[in-house]
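First comes the structure, then the notes that go with it.
Computed from a prediction, not measured in an experiment: that's the story for all the values here. Both backbone and side-chain heavy atoms feed into the values below; hydrogens, waters and symmetry mates do not. All chains are named by letter (A, B, ...) in the order of the sequence lines, taking the proteins before the strands, and each is independently numbered beginning at 1.
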Amino acid sequence: MITLAIDTSTLVLGVAVLDEERVLGEVTTNLKKNHSVRLMPTVVSLLQELDLSPADIGQVAVAAGPGSYTGVRIGFTTAKTLTWSRNIPMLSVSSLAVLAMNGIRFPGKVVPMFDARRNRAYTGCFRAKNGRMEAVIPERVGSVDRWLKELRGEGPLLFLGDDVARFRDSIVQTLGNQAHFGLPGENIPRASHLAWLAYRMYKEDPRSVIQAAPNYLQMTEAEAKWLKANGVNKDGSSAH
Amino acid sequence: MLSNVISSQMDVHRRFGGVVPEVASRRHVERITDIIQEALDQADVTLDDLSAVAVTQGPGLVGALLIGVSAAKALSFSRGLPLVGVHHIAGHIYAAHLVKPLKFPLVALVVSGGHTELIYMPEHNRFERLGRTRDDAAGEAFDKVARVLGLPYPGGPEIDRLAQKASPVIDYPRAWLEPDSLDFSFSGLKSAVINDLHNRKQRGESWEPAEIAASFQASVVEVLVEKAMRAVKKTGVSHLVLAGGVSANQGLRQALTARCEQEGIEIYIPPLQLCTDNAAMIAAAGTYKYLEGRFSGFDMNAEPNMPLVE
Ligand SMILES: [Zn+2]
């Protein structure tokens, strides 16, 4: 069974092809270039290189966010249309969980981070369990300072992601020698990890559901403002 | 035309008083494959029956365009179908073709919330721009005046409805620009209406919304009709297409039809459901690019400012 994996949720463009648990090919770039222009040609050339046609793809795995809204949508829409048009399963995995996989050998907890601007980050706290990364503190988007304070006492932490460099001073200040940092190769998500996670999910439950929408981790500003103006909390309860 | 499925987001955006791009993009991702499936089902065809995939490449909201472009590329790749990127305005013009085959050369008046243009087409797939708006699109002016009048969004149809109930008693300005210009300008008119209402309020006068709507609409329609006729005369064509969301406007339809009859010009106006944005018109325009073998590569990008004339 061939798994095609697509990740365009950050600057990293990742495409990987696995035959069951064997990585056949993987392309990763970390460029400020347009995912919309480069994704499909990358998929096409990698499959060509591997002598595979669209009909050989057994399932498609996609990084479902959080991350760049536009980037996540490009990958998600591509995966959704590919799987719908070939009637094959689509599996989505959290983009943070994919990055956290790079720290699966780390004995403590792993904290992947994507910059969300204004000193905020998309992040979560993960720990290895049954060969994959499980969120021990749920994913969120929010203030980096508050997040770091919350992480005090969580033991040794491995921070992963290119964007971590931007917060490194505050991390060290708040967490001292409990903070560890990834190597360059560990700081970018691997589509092969994504493909493998999806393959494992498929093995456990082949009746995988095609998810309708990405996980942005936050509602749009317009919706948040509208709810506030109309006296409704984000969870739907009344504010009054 | 075998099917033409439209998943309108109007209800979602009405509460925001206009289209919110991020909300629109999110909604598109959720709906895209369901809508394609529905279009296939209604047409009673399968993916195996398709010969090509056409998609709006631009212009428009980049986030929204990207959903269509990404889906079209994936479909093109997975089913081995040629990919055709279509200009949104070309689509509007070809909407008329779905009702009655276009005859060339022709002039098209494309009026919508984003565009007011006069286009000359010597033959299929060839476009020359004769004129365009220098500021607001006609549809934009409609929406702004509607907002000042306190009408619900989208305001264009509301103004049209009100305008039927009164006569154009106020003489709002018409922007003719230079004597030979086929360009448009609606911001002056828009300001004139807003100032007029403001002044009346200051003086404590009331006004009849239907009269304001009728007078504003008369001004827009007169300029649109007159400039379309100038374009027809300048190019010597005998076919005129009216297209775009504002071509749903009854006042404009009636005035332009009457004038064309007078002048012996054959007019093409798509039915209402083909005037507003739809995918059948993109398929129609895409068909003629397909027939010329003008396919797009997988590196095609969404073009928010795509020029019509290549
Ligand atoms: Zn349009």
Side-chain angles (χ1 to χ4, degrees), chain A residues 4 6 8 33-45 47-48 53-57 60 62 64-65 68-88 90 92 210-216 218-227 229-230 232, chain B residues 9 12-40 46-48 50 53 55 57-58 61-81 83 85 296-304:
Chain A
L4 168 70
I6 291 169
T8 54
K33 276 194 185 170
N34 204 318
H35 288 329
S36 152
V37 172
R38 296 175 63 240
L39 173 61
M40 217 54 222
T42 305
V43 170
V44 171
S45 72
L47 287 173
Q48 250 164 16
S53 80
D56 297 319
I57 303 169
V60 178
V62 67
S68 139
Y69 291 168
T70 301
V72 165
R73 278 195 284 269
I74 290 168
F76 203 92
T77 305
T78 302
K80 197 170 163 175
T81 312
L82 278 177
T83 52
W84 163 78
S85 63
R86 296 222 65 89
N87 197 22
I88 53 176
M90 167 170 131
S92 63
I210 291 186
Q211 200 182 310
N215 178 16
Y216 304 97
Q218 59 187 341
M219 68 173 67
T220 63
E221 258 169 64
E223 287 167 311
K225 265 189 207 150
W226 186 89
L227 289 178
N230 288 274
V232 189
Chain B
Q9 302 187 4
V12 182
H13 295 275
R14 190 168 283 124
R15 60 179 166 155
F16 305 123
V19 173
V20 180
E22 177 61 22
V23 174
S25 302
R26 289 186 177 196
R27 185 83 171 167
H28 283 322
V29 181
E30 286 167 28
R31 305 284 287 131
I32 184 84
T33 49
D34 291 347
I35 295 300
I36 308 175
Q37 183 68 59
E38 206 177 316
L40 294 172
T46 68
L47 287 172
D48 292 328
L50 303 184
V53 183
V55 64
Q57 190 180 354
L61 296 171
V62 67
L65 291 169
L66 279 171
I67 307 307
V69 166
S70 300
K73 281 191 203 176
L75 180 56
S76 157
F77 166 67
S78 78
R79 307 297 300 196
L81 298 167
L83 178 67
S296 309
F298 286 129
D299 60 349
M300 172 171 84
N301 199 6
E303 303 276 359

Check: How far does CG of L82(A) sit from OG1 of T33(B), to the nearest 0.5 angstrom?
Finding: 11.5 Å
Next item on the list: Enter the distance from S76(B):OG to M40(A):CE here, rounded to the nearest 0.5 Å.
Entry: 7.5 Å
Note to self: Quick one, S78(B) with T81(A), criterion side chain to side chain contact (heavy atoms under 4.5 Å, CB included). Give me CA distance, side-chain angles, the key distance, then yes/no.
What the structure shows: CA-CA 9 Å; S78(B) 78; T81(A) 312; over 6 Å; no
Notebook entry, point to check: Does any N or O in the side chain of R79(B) come within less than 3.5 Å of the main-chain N or O of S85(A), such that one atom is a donor and the other an acceptor?
Noted result: yes
Notebook entry, point to check: Do side-chain atoms of K80(A) reach the backbone of E30(B) as a donor and acceptor pair under 3.5 angstrom?
Noted result: yes
Is [Y] close to [X] at the side-chain level, that is, under 4.5 Å between some pair of heavy atoms?
X: F77(B); Y: L47(A); result: yes
X: L75(B); Y: W84(A); result: yes
X: K73(B); Y: S36(A); result: yes

Between [X] and chain A, with a heavy-atom cut-off of 4.5 Å, which part of the residue counts as in contact: side chain, backbone, both or neither?
X: L40(B); value: side chain
X: L47(B); value: side chain
X: A302(B); value: backbone

Item checked: Least distance between heavy atoms, V29(B) atom then P214(A) atom -> CG1-CD, 3.8 Å
Check: With chain A, which of V69(B), V62(B), I36(B) has the greatest number of heavy-atom pairs at distances under 4.5 Å?
Finding: I36(B)
Next item on the list: Between chain A and each of G297(B), G63(B), S25(B), G80(B), count heavy-atom pairs under 4.5 Å; write down the option with the most.
Entry: S25(B)
Margin query: As an exercise: rank N34(A), T70(A), I57(A) by heavy-atom pairs under 4.5 Å with chain B and give me the winner.
Written below: N34(A)
Checklist line | Q37(B) atom CD: more than 12 heavy-atom contacts under 6.0 Å | finding: yes
Next item on the list: Against chain B, label V72(A) side chain, backbone, both or neither, depending on which of its atoms sit under 4.5 Å from a heavy atom there.
Entry: neither
Next item on the list: Heavy-atom distances under 4.5 Å only: say whether T78(A) touches chain B with side chain, backbone, both or neither.
Entry: both
Note to self: Holding to side-chain contact (heavy atoms from CB on, under 4.5 Å), I want the full list of residues that pass it with V20(B), two or more places apart in sequence or in another chain.
What the structure shows: A222(A), H13(B), F16(B), V23(B)
Next item on the list: List for me each residue that meets salt bridge (charged side-chain N to carboxylate O under 4.0 Å, His left out) alongside E22(B), sequence neighbours excluded, and say none if there are none.
Entry: R73(A), R26(B)
